[in-house]
2 protein chains.
Amino acid sequence: MSKTDSLPDEAYSALERLYDDPEERIATLQDIRPSEQDVAGQETVFKALGNEDRLRILSALRESECCGCELQIVLDAPQSTVATHLRKLKEAGLVKSRKKGKWSYYRIADTAVFELLDLAHAIQEDV
Amino acid sequence: MSKTDSLPDEAYSALERLYDDPEERIATLQDIRPSEQDVAGQETVFKALGNEDRLRILSALRESECCGCELQIVLDAPQSTVATHLRKLKEAGLVKSRKKGKWSYYRIADTAVFELLDLAHAIQEDV
DNA sequence: CATATGAATCGAGAAAATACGATATGATGG
DNA sequence: CCATCATATCGTATTTTCTCGATTCATATG
């Protein structure tokens with residue numbers, strides 16, 4: 001037998017047993033469509049943060065601005081790997097960079113980034 | 001030729017050109033080792049948040065507590081998919097659940113979760 | 001206790017993210 | 001200009017995550 005699991009109908013009939021006026025509740029639920037843009041933006045930020053190496057980069061930048069070659073030492077990873085991580089962080093708006101001669105210096109873009117890191121830490125503490 | 005890119009030595013010699021006392025700077029950088037546990041916890045939280053479906057679940061829970069079958073309607077996804085997302089959110093400490101009869105009701109675990117969502121939104125706004 | 005129902009778990013194929021060598025780019029100093 | 005060096009980008013092999021049907025589990029009800 002197939003598709004025992006995917007029927008949306010299944011969920012509808014469940015709601016019809018739960019509520020006196022299921023139609024209204026179903027309409028309400030279907031209307032929960034947060035702006036695609038909002039969700040996409042949040043997703044970009046959280047995906048960028050959801051990686052050990054990138055969290056360690058942010059941890060280093062919390063101390064001070066660093067150039068790319070310094071971050072290679074922090075991560076003990078090859079240059080192209082570090083550069084890729086930095087690009088992701090930059091695209092997400094978490095870090096900014098400035099160029100000085102041959103060097104690119106990276107810094108945390110905003111104090112909101114510190115807050116994000118601290119909140120995540122706090123949440124996991126009491127799991 | 002091979003491994004033109006991965007030599008850690010390369011980064012070391014770069015720093016030796018950058019600083020008068022490179023040894024000290026290198027030692028400082030290598031010491032930036034945030035507690036593995038801290039980073040792992042943050043990573044779990046941010047990985048859980050870095051997914052469109054899960055962000056939409058949180059968006060729905062922001063309105064009100066929901067049971068599993070209601071979230072199936074919100075996402076328009078099969079039951080096992082929704083259940084898997086909910087497990088991830090729970091493991092990360094982002095939602096809590098209570099069982100009532102056959103139903104499992106989910107709710108956001110802490111106001112810190114709202115703050116995370118809002119901060120991420122704010123950061124992406126000015127990228 | 002048989003059946004129905006909502007939810008949790010499992011497993012395997014599909015999709016996405018990551019790692020990293022090779023190469024390209026752009027600045028600097030002879 | 002040519003060589004060197006710090007970065008950035010590209011291509012692809014590898015790893016991780018996601019999806020979702022099937023199955024199992026738990027609760028309720030006749």
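A, B, ... follow the sequence lines: proteins, then strands. Residue 1 opens every chain.
- Residue B/R87 places at least one side-chain N or O under 4.0 Å from the OP1 or OP2 atom of C/dT9.
- A straight line from NE2 of A/H85 to P of C/dA17 spans 14 Å, rounded to a whole angstrom.
- Within the structure, every side-chain polar atom (N or O) of B/K99 is placed at least 4.0 Å from both OP1 and OP2 of C/dG6.
- Remark: the backbone N or O of B/Y105 is not paired with any side-chain donor or acceptor of B/E65 at under 3.5 angstrom.
- Between C/dA17, D/dT7, C/dC10, one nucleotide has an atom nearer to the side chain of A/Q72 than all others, and that is D/dT7.
- By the 4.0 Å N-to-carboxylate-O rule, B/R56 lies too far from B/D76 to be salt-bridged with it.
- Within 4.0 Å of A/K88, counting heavy atoms only, lie sugar-phosphate atoms of the nucleic acid but no base atom.
- For B/T81 and D/dT19, the shortest distance from a side-chain N or O to OP1 or OP2 is not below 4.0 Å.
- A/L49 places a side-chain heavy atom less than 4.5 Å from the side chain of A/L58.
- Within residues 40-63 of chain A, the residues approaching DNA chain C are A/K47, A/N51, A/D53, A/R54, by heavy-atom distance under 4.0 Å.
- Computed from coordinates, the B/R98 CZ to C/dA8 P distance equals 13 Å when rounded to whole Å.
- Contact annotation: A/S104 side-chain N/O to D/dA8 OP1/OP2 distance is under 4.0 Å.
- Residue side chain A/Q79 reaches the base of D/dA8 through a donor-acceptor N/O pair under 3.5 Å, judged by distance alone.
- Of the possible polar contacts, none joining the A/S59 side chain to the A/L55 backbone as a donor-acceptor pair under 3.5 Å is found.
- In this structure, A/I57 and A/Y106 have side chains that are not in contact, with every pair of non-hydrogen atoms separated by 4.5 Å or more.
- To the nearest angstrom, P of D/dA26 lies 16 Å from NZ of B/K102.
- Scanning all heavy atoms of the two residues, the minimum distance from B/A109 to B/K96 falls at CB-CG, 3.8 Å.
- Looking at the side chain of B/P78, the nearest of the listed nucleotides D/dT19, C/dG6, D/dG21 is D/dG21.
- One interatomic measurement links the two molecules: CG of A/L86 to P of D/dA6, which rounds to 16 Å at whole-angstrom precision.
- Out of D/dA8, C/dA7, D/dT19, the shortest distance to the side chain of B/T84 is found at D/dT19.
- The distance between atom CH2 of B/W103 and atom C1' of C/dA8, rounded to the nearest whole Å, is 17 Å.
- When all heavy atoms of A/E52 and B/V39 are compared, the pair lying nearest together is CG-CG1, 3.8 Å.
- Note on B/K90: every side-chain N or O is 4.0 Å or more away from OP1 and OP2 of C/dA8.
- Within the structure, a side-chain polar atom (N or O) of A/Y106 is placed less than 4.0 Å from OP1 or OP2 of D/dA8.
- With C/dA7, D/dT19, C/dA27 as the candidates, the nucleotide lying closest to the side chain of B/C67 is C/dA7.
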